[in-house]
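Heads up, the thing below is written out as structure tokens.
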Amino acid sequence: MASVVDRARALRPGSVLAARFSTPAILCLLTALSLLLRTRQLNAGFWIDEGLSVGIAHHHLASIPGLLHKDGSPPGYYLLLGVWIRVFGDGEQPTHALSLLFTLGSIPLAFAAGRSLFDRPTGLICALIAALDPYLTYYAQETRMYSVEAFLSLVVVLAYVNGIVRASTRWTVVFVISLTAMIYVHNWALFLCVGFAAATLLFVRERLRRFGAAALGVAVLYAPWVSTLLTQVRHTGAPWSTAPSFHDLVLAPGAVFNGDATLMAFLLAGGVGLAAVLRRRGDPERALVLSLLAAAGVAIALAWVGSQISPAWTSRYFAVVLGPLLVVSARGLVRARRLGAFALLAVLFLWSGYLVKDTKENARAVSAALAPFIHPGELVISTQPEQIPLFRYYLGRDVPTATVRFASTLGTVPDPRIFDWRDAIERLRAARPRPTLAALLSSVAPGREFVVVTPVFRDYRAWNARWTKLVWRRSQRWTALLRADPRLRLIRHVVTNEVAIHRNYFKPMEAFVYRRLR
């Protein structure tokens with residue numbers, strides 16, 4: 001009878017979760033579930049930024065850092081992607097798989113961070129959030145650096161607490177290396193550096209000397225890139241963005257949890273749980289939670305202030321603060337107990353209906369329709385200049401890209417694998433539509449065809465930034481000049497079905513095939 005009772009007790013949920021094998025089993029299950037959720041659109045078509053990623057990565061690895069004077073980003077991700085495509089190819093699926101790999105790696109890493117910083121239940125909640133978070137699901141299937149940055153953000157949090165707060169020399173070295181890697185992957189990691197400095201000063205003051213030594217190490221490793229960064233700040237920036245509002249600042253933490261409703265659920269339950277922690281003065285957990293909140297909060301505030309001066313505000317950049325926000329949210333849910341459990345169930349319910357759709361852009365479909373018209377020597381013009389690398393990728397599959405000529409409203413494009421963002425607004429304003437178009441048409445022989453790709457301007461609000469507004473006006477002007485030119489005949493107008501079906505397309509495009517008559 002006793003053995004039956006013992007077996008029944010062993011099968012209780014609490015006992016099963018406490019078993020030695022349960023943690024690896026749970027992590028494997030979450031990783032498998034994440035793999036299922038995050039491979040549904042692994043073959044989705046590229047959008048503008050992904051075309052830029054692949055184009056830059058195709059350059060010689062040694063030339064990429066110098067090339068990025070034109071782009072505004074650090075070289076870490078492009079070097080990594082450059083190695084990756086040389087091994088696995090540059091298609092949508094293999095390049096998305098690189099992002100997927102880092103997203104899947106974030107699941108056991110999130111568990112390790114939560115368990116090391118707090119306890120095993122917190123680690124399991126961290127892993128669960130990392131496995132199902134729609135933000136990570138979305139960027140697991142995009143050829144950009146955000147899943148890499150989210151992964152590194154978790155490493156940095158783990159290393160900061162163990163290396164700086166708990167004074168482990170080995171972890172301090174990991175902190176220096178991982179934080180440097182973050183900065184070399186995305187510039188917003190610089191805001192997180194300041195955030196950690198403020199957190200140490202405010203809540204872990206006894207570790208200032210150790211943090212100072214770590215900061216010096218990061219500065220030394222980052223020093224070779226500083227001159228390039230300063231050049232980028234002066235000449236590239238993000239003219240496609242608009243200054244964020246105060247409302248954007250308040251809701252910014254929700255970016256990494258897929259929206260306002262999820263953020264409110266975490267704040268309601270997590271806030272209750274963390275309130276109990278924050279009331280206990282002298283408790284090491286209180287200093288730890290406050291330091292992570294301060295690091296993320298200062299980083300977000302600096303990004304907001306900086307974007308008032310030079311707009312560069314977009315939700316995808318918040319990958320840099322995913323680590324501290326995820327860990328603190330999980331701890332709040334655990335501390336809130338029943339309320340935390342209900343909030344977590346509500347969040348999982350909200351996330352259950354999330355699906356990534358192949359609606360970022362229709363460039364692949366447009367290119368497929370244009371393929372019969374692309375011949376050696378063909379001229380392809382984009383009235384949105386930064387789309388050139390994307391169409392260079394798709395239209396160069398069947399015809400060698402060296403024999404396809406690319407141009408934009410800025411004129412001829414010497415290297416179609418990268419867009420030159422340096423003083424882009426000034427250069428586009430200076431490029432007068434009529435003479436620029438005339439110079440391009442002079443290179444098209446009578447009887448030959450050329451292609452013009454232009455955005456579909458369905459909603460002007462989406463084109464309200466300084467750069468996008470100018471692109472909108474120039475595109476309208478070029479379209480009018482082409483239609484009115486008696487030397488030209490419209491042969492084909494390409495608008496794909498995706499534009500009509502999916503009204504939530506990010507920024508769709510259409511194409512026109514013209515023949516020069518004389």
Side-chain angles (χ1 to χ4, degrees), residues 10-40 42 96-141 146-162 170-171 174 178 256-258 262 266 269-270 273 288 292 319 322-337 340-341 343-352 354 356:
L11 292 176
R12 289 177 180 176
S15 300
V16 172
L17 289 175
R20 180 179 300 177
F21 67 84
S22 65
T23 296
I26 291 171
L27 293 179
C28 287
L29 180 62
L30 289 175
T31 303
L33 178 59
S34 176
L35 182 65
L36 177 65
L37 293 173
R38 293 166 175 169
T39 53
R40 295 182 180 182
L42 205 64
H96 289 160
L98 175 61
S99 298
L100 175 66
L101 182 65
F102 279 93
T103 304
L104 296 178
S106 296
I107 299 170
L109 179 59
F111 170 78
R115 183 184 63 176
S116 177
L117 273 56
F118 298 107
D119 53 27
R120 182 173 176 272
T122 305
L124 291 174
I125 298 300
C126 285
L128 179 62
I129 294 173
L132 301 177
D133 183 0
Y135 178 90
L136 291 175
T137 299
Y138 187 89
Y139 291 109
Q141 299 165 93
Y146 309 115
S147 65
V148 179
E149 197 74 340
F151 178 90
L152 289 172
S153 180
L154 286 164
V155 177
V156 166
V157 166
L158 183 60
Y160 173 76
V161 173
N162 286 300
R170 181 177 61 181
W171 277 107
V174 175
S178 57
V256 296
F257 298 126
N258 194 45
T262 305
F266 276 146
L288 198 157
L292 293 180
L322 181 139
L325 291 178
L326 188 153
V327 172
V328 170
S329 297
R331 188 56 180 169
L333 294 175
V334 170
R335 284 296 190 183
R337 300 186 180 181
L344 182 61
L345 288 174
V347 167
L348 295 180
F349 175 76
L350 291 172
W351 287 353
S352 64
Y354 180 80
V356 176

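Computed from a prediction, not measured in an experiment: that's the story for all the values here.
Annotation: the span from Phe102 atom CZ to Leu109 atom CG amounts to 11.0 Å, rounded to 0.5 Å. Atoms CG and OG, from Leu29 and Ser22 in turn, are 12.0 Å apart once rounded to the nearest 0.5 Å. One finds the CZ atom of Phe349 at 11.0 Å from the CG atom of Leu345 (value rounded to the nearest 0.5 Å). With rounding to the nearest 0.5 angstrom, the OG1 atom of Thr122 is 4.0 Å from the CZ atom of Arg331.
In this structure, Trp171 and Val161 have side chains that are not in contact, with every pair of non-hydrogen atoms separated by 4.5 Å or more. Within the 4.5 Å cutoff, the side chain of Cys126 has heavy atoms near those of the Val327 side chain. Side-chain contact check for Val157 versus Leu292: some heavy-atom pair is nearer than 4.5 Å. In this structure, Ile129 and Val347 have side chains that are not in contact, with every pair of non-hydrogen atoms separated by 4.5 Å or more. Between Phe151 and Thr103, every side-chain heavy-atom pair lies at or beyond the 4.5 Å cut-off.
Judged as a side-chain contact (heavy atoms from CB on, under 4.5 Å), and not counting sequence neighbours, the contacts of Leu35 are Thr39, Leu100, Leu104. With sequence neighbours excluded, the residues that form a side-chain contact (heavy atoms from CB on, under 4.5 Å) with Arg40 are Leu37, Leu355. Residues satisfying the side-chain contact (heavy atoms from CB on, under 4.5 Å) criterion with Leu348, sequence neighbours excluded, are Leu128, Leu132, Leu344, Trp351. Partners of Ala127 by side-chain contact (heavy atoms from CB on, under 4.5 Å), not counting sequence neighbours, listed by chain and number: Leu27, Leu30, Ile107, Phe111. Residues that satisfy the ring-ring contact (aromatic ring centres under 6.0 Å, His included) test with Tyr138, not counting sequence neighbours, are absent from this structure. Residues that satisfy the side chain to side chain donor-acceptor pair (under 3.5 Å) test with Ser178, not counting sequence neighbours, are absent from this structure.
The stretch residues 116-136 participates, sequence neighbours left out, in these ring pair (Phe, Tyr, Trp, His ring centres under 6.0 Å) pairs: Tyr135-Tyr139. Within the structure, side chain to side chain donor-acceptor pair (under 3.5 Å) contacts touching residues 146-157 (residues at least two apart or in different chains) are Tyr146-Arg316. A side chain to side chain donor-acceptor pair (under 3.5 Å) check over residues 24-36, counting only residues at least two apart or in different chains, returns the pairs Ser34-Arg38.
When all heavy atoms of Ala319 and Val256 are compared, the pair lying nearest together is N-CG1, 4.5 Å. In plain terms, the two heavy atoms of Ala330 and Ile125 that are nearest each other are CB-CG2, 3.7 Å. Counting all heavy atoms, side chain and backbone alike, Leu136 lies closest to Ala150 at CD2-CB, 3.8 Å. A pairwise comparison of heavy atoms in Ala343 and Leu333 identifies CB-CD2, 4.1 Å as the closest pair.
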Using side chain to side chain contact (heavy atoms under 4.5 Å, CB included), reason through Arg170 and Asn162 one step at a time and then give a plain yes or no. CA-CA 9 Å; Arg170 181 177 61 181; Asn162 286 300; over 6 Å; no
Using side chain to side chain donor-acceptor pair (under 3.5 Å), reason through Thr23 and Arg120 one step at a time and then give a plain yes or no. CA-CA 9 Å; Thr23 296; Arg120 182 173 176 272; 2.9 Å; yes
